[in-house]
Amino acid sequence: MSGVPPHVLVVFGATGDLAKRMLFPGVVQLWEEGLFPEHFRVIGSGRHSPGGDDEFRERLGEEVREFSGVGEERWSAFARSISFQVADSDDGGDLASAVRAAREDLGDTAEVLLYLSVPPEAMGPMIGMLGDTGLAEGARLILEKPLGHDVASARELDAAVRRVFPEENVFRIDHFLGMEAVRNLVALRFGGGPMGACWHRRDVASVQIDVPEEIGIEGRGAFMEATGTFRDMVPTHLCQVLGLLTMEPPDGFDVESLRAAKLSVFEALRPFAPERTVFGQYDGYRDEDGVDDGSESETFVALEAFIDNDRWRDVPFQLRTGKAMAESRMAITVVFRAPAEGPFREVGDPARLRVELSDDLAVSLDTPAKRPGPGPVTEVVNAELRSTGPVEGKPLKPYARLLHDALRGDRTWFTGADEVERLWAVCAPVLEHPPSTQRYPRGSWGPEEANRLPGPDGWRVSGE
Ligand SMILES: NC(=O)C1=CN([C@@H]2O[C@H](COP(=O)(O)OP(=O)(O)OC[C@H]3O[C@@H](n4cnc5c(N)ncnc54)[C@H](OP(=O)(O)O)[C@@H]3O)[C@@H](O)[C@H]2O)C=CC1
Ligand SMILES: O=C1O[C@H](COP(=O)(O)O)[C@@H](O)[C@H](O)[C@H]1O
């Protein structure tokens, strides 16, 4: 028994890339784990019909089986409660009728969860339609990132949302906040361990948040042309990780306290400088479907950030992400200061803490230590931190975990509109004066200029 009331889940953008790769696999994982409502209907929606309910189920089934590993029989059992209904921002009448019918089938206690997995420019008009058709009434709404494309459009979108939905029903999703390792950052910092004690400019020399991706754009040409990697990844995933990593201790671990703590550090985040930002585009990107022959859209970004507060002043935070790179990795590396004086000031490599943003706890510490023997020689030794007990069940995938939160009305790990708006303001100088886009070979670590950005020590994960 999941303890979650009956639900009608409506997914707009149900034929898109996110839906097949992450969202539906997340839904199915919840169902397999007994965490999805026992009684439910899922209605996929979009402007174009995949053919009918059967065709939708069949196509989605092939994709979801590939990305989630669910077996054919289990999928068929789940898929019995799935249908498809065409809708767009001008016409949601049939969809509203389908949702009403599904709700009646499920009984009085049934709730409605609406998921907008559509491109940023489609959000505003879709929300208007949800209001006009009555679909919004009493429903919860999940909004995909990025929300808008700059400060003005984010504000406009937020106003559209507020006209139709009360804030307590709005869930702005950032799936990095559904990652076990990202949530663990809060425990590592505030759980009383040594990591919390040295989390200060006094001890920390620099920090890297590095999310290279091996995949290219996977058929998302139109999305990448309109959005680009900077808007897609920086004010969203990378900054949310940065926020949790650098915020002051929150007053509590509830939604309001976490948002206030993140907002406060985002207010101290210095607007990004175009001269300390590198944009790149992988060779061959212009030949992808939906991409302009002369496109200058960036598929790679690296930048340096500073937080102007007492804790972090002058500590460089280096952020990097890109498509078609040498390796897929999500890693945070904190480099500690070497002592300024005394016998160990000559120690070659400084101490480093590495947190991999993976499902399993993967934290490692490289620290100088004395090599056994008569001489005063030091070497770097490594300690791996691992969970000590058996882990209950399979770790939930980020979308599964966040959907589970939303189904239960828990907004703790969803973002606030004021954070979103502030982060667009931080990005504004780069959006207004973007650096020129440098080419880089597929399978590389990005343009040469980006490799020089962190200084002589380079990017810590490259080529390890
Ligand atoms: N793909 C990914 O890895 C991730 C994506 N996201 C976010 O999810 C959202 C969707 O991304 P993704 O699935 O990749 O995009 P896709 O382009 O693959 O799919 C978009 C979906 O939205 C529908 N759609 C497109 N335009 C409109 C429109 N104007 N009005 C209504 N519906 C529209 C499309 O169906 P139809 O044309 O039939 O309407 C399609 O089903 C984006 O905001 C993206 O940032 C977030 C995390 C990861
Ligand atoms: O939101 C997005 O995230 C993915 C990276 O997340 P992952 O969980 O698939 O590793 C990124 O590829 C995509 O461009 C972006 O829209």
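On a predicted model such as this, the values are computed, not experimentally measured, just so you know. Ligands are counted one by one from 1 in listed order, and the atoms in each one are counted from 1 as well.
- Under the 4.5 Å side-chain criterion, counting only non-hydrogen atoms from C-beta, Gln438 is in contact with Glu449.
- The nearest heavy-atom contact from the protein to atom 10 (C) of ligand 1 is Ser117 O, 3.4 Å.
- Closest to atom 5 (C) of ligand 1, if we only count protein heavy atoms, is Arg220 NH2, 3.4 Å.
- Residues Arg41 and Leu106 are in side-chain contact: their nearest non-hydrogen atoms beyond the backbone lie under 4.5 Å apart.
- For the pair Pro398 and Met179, the minimum side-chain heavy-atom distance is below 4.5 Å.
- The shortest distance between side-chain heavy atoms of Arg172 and Lys145 does not fall below 4.5 Å.
- Using a 4.0 angstrom heavy-atom cutoff, Met22 counts as in contact with ligand 1.
- The nearest protein atom to atom 11 (C) of ligand 2, hydrogens excluded, is given as Lys323 NZ, 3.4 Å; this is a heavy-atom distance.
- Of the polar atoms of Thr15, at least one N or O is found under 3.5 Å from an N or O of ligand 1, judged by distance alone.
- In summary, the atoms of ligand 2 found under 4.0 Å from a heavy atom of His237, numbered by their order in the structure, are 1 (O), 2 (C), 3 (O).
- Proximity of Glu144 to ligand 1, defined as any heavy-atom pair under 4.0 Å, is confined to the side chain (atoms from C-beta onward).
- Between Trp445 and Tyr440, the distance separating the two ring centers is not shorter than 6.0 angstrom.
- Atoms of ligand 2 found under 4.0 Å from any heavy atom of Met22, numbered from 1 in the order shown, are 8 (O), 9 (O).
- Residue-ligand proximity: Lys145 is placed with a non-hydrogen atom under 4.0 Å from ligand 2.
- Interface atoms of ligand 2 facing Phe176, defined by a heavy-atom separation under 4.0 Å, are 6 (O).
- Using cut-offs of 30° and 60° on the angle between ring planes, the pair Phe176 and His237 is parallel.
- For atom 13 (C) of ligand 2, the closest non-hydrogen atom on the protein side is Arg220 NH1, 3.3 Å.
- Remark: aromatic rings of Phe306 and Phe317 are distant, center separation not under 6.0 Å.
- Comparing heavy-atom distances from atom 19 (O) of ligand 1 across Gly221, Pro125, Gly16, Ala19 singles out Gly16 as nearest.
- When heavy-atom distances to ligand 1 are checked against a 4.0 Å cut-off, Glu121 has no atom that comes that close, whether in backbone or side chain.
- Residues Leu30 and Leu407 meet the side-chain proximity criterion, which asks for heavy atoms closer than 4.5 Å.
- Checked against Leu116 for a side-chain contact (heavy atoms from CB on, under 4.5 Å), the options Ile142, Leu141, Val10 give a single hit: Leu141.
- With hydrogens left out, the protein atom closest to atom 11 (O) of ligand 1 is Leu18 CB, 4.2 Å, a heavy atom.
- From the protein, the heavy atom lying nearest to atom 10 (O) of ligand 2 is Met330 CE, 3.0 Å.
- Looking at Glu218 against ligand 1, nothing comes within 4.0 Å, counting heavy atoms.
- Checked by distance only, ligand 1 and His175 stay at 3.5 Å or farther apart across all their nitrogen or oxygen atoms.
- Of the protein's non-hydrogen atoms, the one nearest atom 5 (C) of ligand 2 is Glu213 OE1, 3.5 Å.
- At distances below 3.5 Å, not a single donor-acceptor pair connects side-chain atoms of Ser297 with backbone N or O atoms of Gly228.
- Here the protein heavy atom with the shortest distance to atom 23 (C) of ligand 1 is Gly13 CA, 3.9 Å.
- Proximity of Met224 to ligand 2 is not established, as no heavy-atom distance is less than 4.0 Å.
- Some N or O of His175 is nearer than 3.5 Å to an N or O of ligand 2, by distance alone.
- Annotation: atom 25 (C) of ligand 1 to nearest protein heavy atom, Arg47 NH2, 3.3 Å.
- With a 6.0 Å radius and a threshold of 12 heavy atoms from other residues, nucleotides or ligands, Arg386 has its CZ atom above the threshold.
- With Thr333 as the fixed residue, the side-chain hydrogen bond (donor to acceptor under 3.5 Å, both in side chains) test singles out one of Glu356, Gln208, Arg354: Arg354.
- By the 3.5 Å distance cut-off applied to N or O atoms, Met126 is not counted among the residues near ligand 1.
- The nearest heavy-atom contact from the protein to atom 45 (O) of ligand 1 is Lys145 O, 2.7 Å.
- For ligand 2, the atoms lying closer than 4.0 Å to a non-hydrogen atom of Asp232 are 13 (C), 14 (O), 15 (C), 16 (O).
- In terms of polar-atom proximity, defined here as any N/O pair under 3.5 Å, Val118 does make such a contact with ligand 1.
- Under 4.0 Å is where a charged nitrogen must lie from a carboxylate oxygen, and between Arg140 and Glu111 at least one such pair does.
- For atom 17 (O) of ligand 1, the protein comes within 4.0 Å by no heavy atom at all.
- Checked against a 3.5 angstrom limit, the closest N/O atoms of Pro120 and ligand 1 fall outside it.
- Of the protein's non-hydrogen atoms, His48 ND1, 3.4 Å is the one closest to atom 36 (P) of ligand 1.
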>> With ring pair (Phe, Tyr, Trp, His ring centres under 6.0 Å) as the criterion, how do Phe279 and Phe300 come out once you've worked through the C-alpha distance, each side chain's angles and the decisive distance to 0.1 Å?
In response: CA-CA 6 Å; Phe279 275 7; Phe300 170 99; 9.1 Å; no
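- For the pair Leu357/Val241, a side-chain contact is recorded, criterion being any heavy-atom separation below 4.5 Å from C-beta on.
- Close to ligand 1: Tyr399, with a non-hydrogen atom less than 4.0 angstrom away.
- A cation-pi arrangement, defined by a distance under 6.0 Å to the six-membered ring centre and an angle within 45 degrees of its axis, is present between Arg220 and Phe223.
- Between Ala331 and Val461, the shortest heavy-atom contact is CB-CG1, 3.8 Å.
- The aromatic ring centres of His7 and Phe40 sit 6.0 Å or more apart.
- For atom 1 (N) of ligand 1, the closest non-hydrogen atom on the protein side is Asp17 OD2, 2.7 Å.
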